Amino acid sequence: MTTGPVVSNAGPLIALAAIGHLDLLQSLYSRGLVPEAVFREVTQSGAMRVGAREVASAAYLEHVIVEPPPEPLLAKELGAGEAHVITLAQRLGAQLTILDERRARRIAEQASGLRIKGTAGILVSAKRRGLVPRVRPLLDDMVRHGYFLSPRLIERAAVEAGE
């Protein structure tokens, strides 16, 4: 397990919950933070949204109000969730920022110098630690649940996982 907090956006939480592996975050990282804006985004629609119940009941995930709020320019460039994730990760010196959306990842890496990992990378890390037997079936399951992953990303993650 690594030290320092990780900050996650909504997409990875939803994707991991959809495939029954939200618990991997607790197994891999010592502290999981979710900006309140992201928490609301995932749970606001209640049981109707995939992962809403799982995220709402995950005691491991700490909800954090980002005050002061993100810079208006960042919030304009990205969605509210991504802007809150990047801002919180910067302010806390997060060990890792979990984002899947390409534009948000690029901004977080270039402008903020944050270390980024996506859902596929979380699954690769989990396999390396012996927490899941294979990555490709989990990625395929995410796609079946409506989560977009390019075939190239799936292939790259499978190769990184030694599959």
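Everything numeric here is computed off the predicted structure, so don't read it as measured data.
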Linked, directly or transitively: [X] and [Y] (ILVMFWY side chains, under 4.5 Å):
| X | Y | result |
| --- | --- | --- |
| I65 | L92 | no |
| V143 | V132 | yes |
| V159 | L149 | no |

Is it true that a side-chain atom of [X] and a backbone atom of [Y] form a donor plus acceptor pair closer than 3.5 Å?
| X | Y | answer |
| --- | --- | --- |
| E163 | V135 | yes |
| R129 | V124 | no |
| R136 | A158 | no |

If you define the side chain from C-beta out and look only at heavy atoms, does anything of [X] sit under 4.5 Å from [Y]?
| X | Y | result |
| --- | --- | --- |
| Y147 | D100 | yes |
| L153 | F148 | no |
| S27 | Y60 | no |
| V64 | P35 | no |
| I107 | L78 | yes |
| K127 | L138 | no |
| T97 | Q90 | no |
| I98 | L96 | yes |

Spacing of [atom1] belonging to [X] relative to [atom2] belonging to [Y], to within rounding of 0.5 Å:
| X | Y | atom1 | atom2 | result |
| --- | --- | --- | --- | --- |
| S8 | L16 | OG | CG | 7.5 Å |
| L13 | L61 | CG | CG | 6.0 Å |
| L139 | R134 | CG | CZ | 10.5 Å |
| K117 | L123 | NZ | CG | 10.0 Å |
| S125 | L25 | OG | CG | 10.5 Å |
| I86 | L99 | CD1 | CG | 5.5 Å |

Can you give me the closest heavy-atom contact between [X] and [Y], atom names plus distance?
| X | Y | value |
| --- | --- | --- |
| A17 | E54 | CB-CB, 3.9 Å |
| R91 | P69 | NH2-O, 3.5 Å |
| L22 | A58 | CD2-CB, 4.1 Å |
| A83 | L74 | O-CD2, 3.8 Å |
| E41 | G81 | OE1-CA, 4.0 Å |
| G118 | R105 | N-NH1, 3.1 Å |

Tell me, with the steps shown, if E82 and R103 meet salt bridge (Lys or Arg N to Asp or Glu O under 4.0 Å).
CA-CA 10 Å; E82 287 100 351; R103 181 174 172 79; over 6 Å; no
Give the C-alpha distance, both sets of side-chain angles, the deciding distance and a yes or no for side-chain contact (heavy atoms from CB on, under 4.5 Å) between I14 and V55.
CA-CA 8 Å; I14 292 166; V55 170; 5.8 Å; no
Looking at E71 and K76, is there a salt bridge between them, counting it only when a charged N and a carboxylate O are closer than 4.0 Å?
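No, no charged N to carboxylate O under 4.0 Å.
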Any chance you could lay out the side-chain contact (heavy atoms from CB on, under 4.5 Å) test for V6 and L33, step after step, and finish with the verdict?
CA-CA 6 Å; V6 297; L33 304 178; over 6 Å; no
side-chain contact (heavy atoms from CB on, under 4.5 Å) between M142 and T119, worked out
CA-CA 10 Å; M142 286 170 51; T119 308; 3.6 Å; yes
For L88, run the side-chain contact (heavy atoms from CB on, under 4.5 Å) check against V66, V38, V34 and tell me which one passes.
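It is V66, the one option of V66, V38, V34 that forms the side-chain contact (heavy atoms from CB on, under 4.5 Å) with L88.
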